Amino acid sequence: MVDNIALDMISGRFQGDPFAFLGQHQTNKGWIIRTIQPGAKSVIAETSTGQVIAQMVRQGETDYFELNLPDAKEYTPYLLKVTWWDDSVQETADPYSFLPVLGEQDLYLYNEGNHLEIYKKLGAHLITHQDVPGVSFAVWAPNATRVSVVGSFNNWDGRRHMMRPRGSSGIWEIFIPNLTEWDIYKYELTDKQGRLLPLKADPFAFVQEVRPKAGSLVYDINNYTWHDEEWLKSRKEKNDRSAPISIYEVHLGSWKRKDGRWLTYLEMAEELPKYAKEMGFTHVELLPVAEYPFDGSWGYQETGLYAPTSRYGTPGDFRYLIDQLHQAGIGVIMDWVPAHFPKDAFGLANFDGTALYEHADPRLGEHKDWGTKIYNYGRNEVSNFLLANALFWIREYHIDGLRVDAVASMLYLDYSRKDGEWIPNKYGGRENLEAIAFLKRLNELVFAENNGATTFAEESTAWPMVSRPTYLGGLGFGYKWNMGWMHDTLNYMKEDPINRKYHHNELTFGFLYAFTENFVLPLSHDEVVHGKGTILTRMPGDEWQRFANLRAYYTYMFTSPGKKLLFMGNEFGATNEWNYQSELQWDLLKYNFHKGAQLLVKQLNSFYKEQPPLFALDTEAAGFEWIDGSDGENSCLTFIRKDDKGNNLIIACNFTPVPRYNYRIGVDEEGNYQEVFNSDLACYGGSDTKNIGNIQTEEPGWNFKKCALRVVLPPLAVVCFKEKEADEN
């Protein structure tokens, strides 16, 4: 008669450790080999050299086979030779003949939340185990009663490769011999009630299928040779607060297209590094590239945190793109999304039949605005999953910086929630203590790598010390996006110049807190979608004035304290809102105004990198001094940017279409000055109103300074002045 355990296995109702029954075991009647092979016509046990031991006996009309070895004195090494109903033959080692792959230390560290290379253990890994090549699978599902690996290699039958539970760790594992790279697989789980769950993708998969498919693929993560050693040596210097940082934000699927389709990573590697370098950007920032199912989420609702999206190619292809950017001297920042994840049935939601990665209570575990789940940062294994992922991208893909998305939604328990829709913390407050602890540890770990990688917070509130070290009470980020500056200055620029004098404080308010954080000034993708128009179309006036406003705004941005970020298309004045389904309006570059805007950004980047006063003391008050921030009546302002070597630049802004002749600017040092940058030059599409030759200081002084310059401020323009060196006079 068929054993009840075997019947449960055959029916799929089995709960427990299949290794305790299947494989070879010693009984009171000697040794016995057991296997379940749905769809098999016959099964023969062979030695490792192919000699027949015996044909296994089918039990009844089931797919359960046994072989008794009454004369065996010890374990007998064996292979299984399976003849299937279509008469194909498969010879393989028995997965249930292998010892565990994961060590006790791996289990302990992961449950503790401290296994920072867990991605080398969980997931699917090509290894040789007990001298047999194959794939090791491991997954965390503590509340499941059965977990199986399924794929085309076992006809998607969950009875074929049921996994071994590893004690109380919640981890299940199995080694399957003879599988190879690119084999597709998923996990089949049953919950505590014995119900079969939707097939799940592997949370630690290195590759996932292109949507709408959702299978995970076996991939060798160690098969790429890097050539970016020189960049990595200089990365710490390139990411430093005292370095010029100008970021080009890119959505890979819509930057450029070819015959209506996306560019591949390899095609992008031929074009993006060249363009970014030619334009003078120091870094590119990629909208989330971790695998995601819905194109319209732009990548911000991820289901494969360890897998670069397969839309554009393989992980090796993505590495090649990063490698080429590095060889071109361009850093790579990646948007990283630990704030939430989608509810897709194949993903993390309700992974083992319970709220495993998320909170069970929707007041803690759901973002209603986005229709997503919130990670449970207080669960060790969940925080370990995310923290190891951050380090994974830095270590395995040489990512130079992580821009952490939606930090504000992580910090506040009442984020976008009404009264009664959230639960206070243990002190009665609105702060998410577990998320705060997670973010602090994230930054400590990234900077402990000591390889120059950094982090950026997209944080839109007045939370203090976001970019200050954790040992001083901060969150520990390297930089923070200055959302307040972006909001205020865009509001100012959209005003008709005749009204700007009534909004002057929107232009100057940001300087009051400009040095409280290590700021990035962002004109990001969020500002060119959802009916907001583009940066250009926000500008008032006729065509000439719109472009003049744009040029003045960009020059004001590049001369203000803070690192810079422009979303793709902003650099040449896109007129259509960003559409992830089509490429940028590159055809606009046949028009002079757009070509001029692009040239301005190119030369701004060059000027910015050449002038240490514009970046060396970016995050320190010593790098900035007002000359006159109160000339709201003329919508003008003047200030000084300084470096730590005594070099200064004078910045003068005129945000009206009226040229200001004989405009006086106070300066401390008498001598000759010269115009060194002007956003109104004819080559940019401007009126070419400029200051020619030497500008000699005069007395009396002005703006409480010793002396003054008398200059012309072009209409809707920003001009930079610099004192001439003695040997230049």
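Since this is a predicted model, take the numbers as computed values, not measurements. Residue numbers run from 1 in the order of the sequence given.
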_Would you call the rings of Phe175 and Phe98 parallel, tilted or perpendicular, taking 30° and 60° as the class edges?_
perpendicular

*Name the orientation class of the two ring planes belonging to Tyr75 and Tyr78 (parallel below 30°, tilted from 30 to 60°, perpendicular beyond 60°).*
tilted

Establish, yes or no, whether the cationic atom of [X] lies under 6.0 Å from the six-membered ring centre of [Y] and within 45° of the ring axis.
X	Y	answer
Arg211	Phe294	no
Arg311	Tyr292	yes
Arg403	Phe456	no

Taking atom [atom1] of [X] as the centre, does the number of heavy atoms from other residues, nucleotides or ligands within less than 6.0 Å exceed 12?
X	atom1	result
Lys213	NZ	no
Lys81	NZ	no
Asp131	CG	no
Tyr108	OH	no
Glu229	CD	yes

*Answer yes if the side chains of Asp71 and Trp31 hold a donor-acceptor pair under 3.5 Å, and no otherwise.*
no

If you take the centroid of each ring, where Trp contributes its six-membered ring, are [Y] and [X] closer together than 6.0 Å?
X	Y	value
Phe318	Tyr265	yes
Phe204	Tyr119	no
Tyr397	Phe392	yes

*So, for Ala339 and Ser409, which heavy atoms are closest and what is the spacing to 0.1 Å?*
CB-OG, 3.8 Å

*Search all heavy atoms of Phe447 against all heavy atoms of Ala453 and return the closest pair with its distance.*
CE2-O, 3.8 Å

*Spell out, as yes or no, whether a donor-acceptor pair under 3.5 Å connects the side chain of Lys200 to the backbone of Ala345.*
yes

*asked:* If we ignore hydrogens and angles and just use 3.5 Å, is the side chain of Asn154 paired with the main-chain N or O of Gly151 as donor and acceptor?
replied: yes

*Out of Val382, Asn384, Val147, Asp352, which one pairs with Trp140 under the side-chain contact (heavy atoms from CB on, under 4.5 Å) rule?*
Val382

*asked:* Among Val337, Asn389, Leu348, Thr372, which residue satisfies the side-chain contact (heavy atoms from CB on, under 4.5 Å) criterion with Glu302?
replied: Val337

*asked:* Please determine whether side-chain hydrogen bond (donor to acceptor under 3.5 Å, both in side chains) holds for the pair Glu291 and Thr309, giving the CA-CA distance in whole Å, both sets of side-chain angles, and the decisive distance to 0.1 Å.
replied: CA-CA 4 Å; Glu291 193 60 81; Thr309 179; 2.8 Å; yes

*Report the residue from Trp370, Tyr300, Tyr357, Tyr375 that forms a ring pair (Phe, Tyr, Trp, His ring centres under 6.0 Å) with His340.*
Trp370

*So, do Arg195 and Thr190 sit near enough that their side-chain heavy atoms are less than 4.5 Å apart?*
no

*Could you check Tyr219 against Phe206 for ring-ring contact (aromatic ring centres under 6.0 Å, His included), going step by step and ending with a plain yes or no?*
CA-CA 6 Å; Tyr219 182 77; Phe206 296 138; 7.1 Å; no

